[in-house]
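What's counted below: heavy atoms across the whole structure, side chains too, no hydrogens, waters or symmetry copies.
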Amino acid sequence: MNPENTFYSVKRFIGRRHDEISNEATEVAYKVVNVNGNVKIDSSTVGKQFSPEEISAQVLRKLVDDAGKYLGETVTQAVITVPAYFNDSQRQATKDAGKIAGIDVLRIINEPTAASLAYGLDKKSNEVVLVFDLGGGTFDVSILEVGDGVFEVRSTSGDTHLGGDDFDKKIVDYMAEEFKKSEGIDLRKDKQALQRLTEAAEKAKIELSSVTQAEINLPFITATQDGPKHINMTLTRAKFEDLCTDLIDRCRIPVENSLRDAKLDKGSIDEVVLVGGSTRIPAIQELVKRVWAKTLTKRLTPMKW
């Protein structure tokens with residue numbers, strides 16, 4: 001209910017200059033400002049501007065506090081994971097966020113390596129593994145050689161502007177355009193309405209991973225002289241996939257790039273590991289199956305499959 005002071009997907013801004021994030025800054029409901037070339041996030045509620053590192057520090061602090069409660073002891077050190085293609089500036093900024101949170105950051109490691117450890121792939125003997133990591137804000141592909149507890153990263157590729165947020169935006173734009181056709185109002189110009197559209201889009205996207213159609217009901221989304229206006233529509237999985245065709249196709253590019261950089265063909269991959277909530281989208285799984293025709297590894301994920 002307070003979109004201008006609710007900060008999300010800050011990872012897209014961390015360690016980057018303002019002139020590098022002009023597109024992303026227009027796609028969030030909160031205000032991203034330029035302070036001497038640096039990215040700052042403006043909070044009207046507290047009358048202060050925060051760096052992405054400061055916001056990230058609050059997230060890290062919460063994770064550390066939750067871990068401490070679970071373990072029954074104070075956590076003072078952490079290993080933090082980042083996308084494999086994060087540059088030095090982004091890695092240092094992530095480390096700085098840990099320091100702001102009061103944590104001794106022992107190491108910054110690549111997310112694909114962490115995913116492989118979580119799957120126990122370090123116990124395997126000499127396999128070539130492709131980690132397909134499609135999260136909320138970023139897409140990361142890495143090819144690893146694993147065996148006897150040793151990981152060798154053969155190649156990495158990715159897309160910093162491709163993730164679940166982008167799939168949500170496709171639904172938001174579709175709903176907004178349909179509403180504009182019928183009512184003549186662009187809801188994307190109303191930050192509170194935009195936030196409600198975004199939440200409804202994410203909910204529908206998640207539902208469409210298990211059912212073939214989702215109902216979207218947003219009462220009182222806005223009001224005119226004629227009275228309150230509502231959104232009541234059905235979104236099918238087929239329509240969702242049609243809306244996201246270009247995003248799904250874009251997933252191929254980092255895969256092809258990583259195979260080329262590793263000097264491998266797709267037949268050389270022994271195992272494909274799907275990581276990240278957005279790999280639950282059926283069309284993404286179908287894409288991977290079409291490319292490899294292999295059994296997908298997805299037994300360990302943050303959320304239940």
Could you go through Val128 and Ile143, starting from their C-alpha distance and side-chain angles, then the distance that decides it, and tell me whether this counts as side-chain contact (heavy atoms from CB on, under 4.5 Å)?
CA-CA 7 Å; Val128 179; Ile143 295 176; 3.7 Å; yes
Does the side-chain contact (heavy atoms from CB on, under 4.5 Å) test come out yes or no for Leu130 and Ser142, once each step is laid out?
CA-CA 6 Å; Leu130 185 139; Ser142 289; over 6 Å; no
Any chance you could lay out the side chain to side chain donor-acceptor pair (under 3.5 Å) test for Gln92 and Asp88, step after step, and finish with the verdict?
CA-CA 6 Å; Gln92 185 56 52; Asp88 289 342; over 6 Å; no
Ile248 and Phe167: CA distance, side-chain angles, deciding distance, side-chain contact (heavy atoms from CB on, under 4.5 Å) verdict:
CA-CA 9 Å; Ile248 296 163; Phe167 286 85; 4.1 Å; yes
Run the numbers on Phe86 and Asn110 for side-chain contact (heavy atoms from CB on, under 4.5 Å), then give the verdict.
CA-CA 9 Å; Phe86 254 27; Asn110 290 342; over 6 Å; no
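Note that SG of Cys251 and CD1 of Ile284 are 4.0 Å apart. Values are rounded to the nearest 0.5 Å.
Glu241 contributes no side-chain N or O that, together with a main-chain N or O of Ala238, makes up a donor-acceptor pair within less than 3.5 Å. Checked by atom type and distance alone, the side chain of Asp166 pairs as donor or acceptor with a backbone atom of Gly163 at under 3.5 Å. For Arg12 (side chain) and Gly137 (main-chain N/O), a donor-acceptor pair under 3.5 Å exists by modelled atom type. Asn5 contributes a side-chain N or O that, together with a main-chain N or O of Ser44, makes up a donor-acceptor pair within less than 3.5 Å. A donor-acceptor distance shorter than 3.5 angstrom exists from the side chain of Asn34 to the backbone of Gly37, with no hydrogens or angles considered. The backbone N or O of Val211 lies less than 3.5 Å from a partner atom in the side chain of Arg237, making a donor-acceptor pair. A donor-acceptor pair under 3.5 Å links the side-chain atoms of Asp190 to the main chain of Gln192, judged by distance alone. Looking at Arg196, its side chain does come within 3.5 Å of a backbone N or O of Pro219 through a donor-acceptor pair. With Ser157 contributing its side chain and Ser258 its backbone, the two residues share no donor-acceptor pair below 3.5 Å.
Taking the side chain as every heavy atom from C-beta outward, Val288 and Leu274 approach each other to under 4.5 Å. Side-chain contact between Asp159 and Thr138: absent, with no pair of heavy atoms (C-beta onward) separated by less than 4.5 Å. Side-chain atoms of Lys266 and Leu259, non-hydrogen and from C-beta on, do get closer than 4.5 Å to each other. Looking only at side-chain heavy atoms (C-beta outward), Asn257 and Arg260 come within less than 4.5 Å of each other. With contacts defined as side-chain heavy-atom distances shorter than 4.5 Å, the pair Arg290/Gln285 does not qualify. Put simply, the side chain of Arg154 reaches to within 4.5 Å of the side chain of Leu264, judged on heavy atoms. Counting heavy atoms from C-beta outward, Leu247 and Arg250 have side chains that approach closer than 4.5 Å. Leu117 places a side-chain heavy atom less than 4.5 Å from the side chain of Phe151.
In plain terms, the two heavy atoms of Thr156 and Asp261 that are nearest each other are O-OD2, 4.3 Å.
Ionic pairing of Glu53 and Lys99 is not present here: no N-O contact between side-chain nitrogen and carboxylate oxygen is shorter than 4.0 angstrom. The pair Glu199-Lys203 does not count as a salt bridge, with every side-chain nitrogen at least 4.0 angstrom from each carboxylate oxygen. Under 4.0 Å is where a charged nitrogen must lie from a carboxylate oxygen, and between Asp246 and Lys170 at least one such pair does. Classification of Lys11 and Glu111 as a salt-bridged pair holds, one side-chain N sitting under 4.0 Å from a carboxylate O. Checked for salt-bridge contact, Glu177 and Arg188 meet the test: a charged N lies under 4.0 Å from a carboxylate O. Salt bridge status for Asp165 with Lys169: absent, with no side-chain N to carboxylate O gap under 4.0 Å.
No single ILVMFWY cluster, assembled from side-chain heavy atoms under 4.5 Å apart, contains both Ile14 and Phe50. Ile253 and Leu134 fall into different hydrophobic clusters, where Ile, Leu, Val, Met, Phe, Trp and Tyr side chains are chained together by heavy-atom contacts under 4.5 Å. Met233 and Leu208 fall within a single hydrophobic cluster, where Ile, Leu, Val, Met, Phe, Trp and Tyr are joined by side-chain heavy atoms under 4.5 Å apart, directly or via other members.
The aromatic rings of Tyr30 and Tyr8 lie perpendicular to each other, with more than 60° between the two planes, well past the 30° mark.
Surrounding NZ of Lys191 are more than 12 heavy atoms belonging to other residues, nucleotides or ligands, all under 6.0 Å away. Heavy atoms of other residues, nucleotides or ligands lying less than 6.0 angstrom from NZ of Lys229 number more than 12. Heavy atoms of other residues, nucleotides or ligands lying less than 6.0 angstrom from CG of Asp265 number more than 12.
Proximity of the aromatic rings of Tyr174 and Phe240 is defined here by a centroid distance below 6.0 angstrom, and this criterion is not met.
Using modelled atom types and a 3.5 Å distance limit, the side chains of Thr234 and Glu215 yield a donor-acceptor pair.
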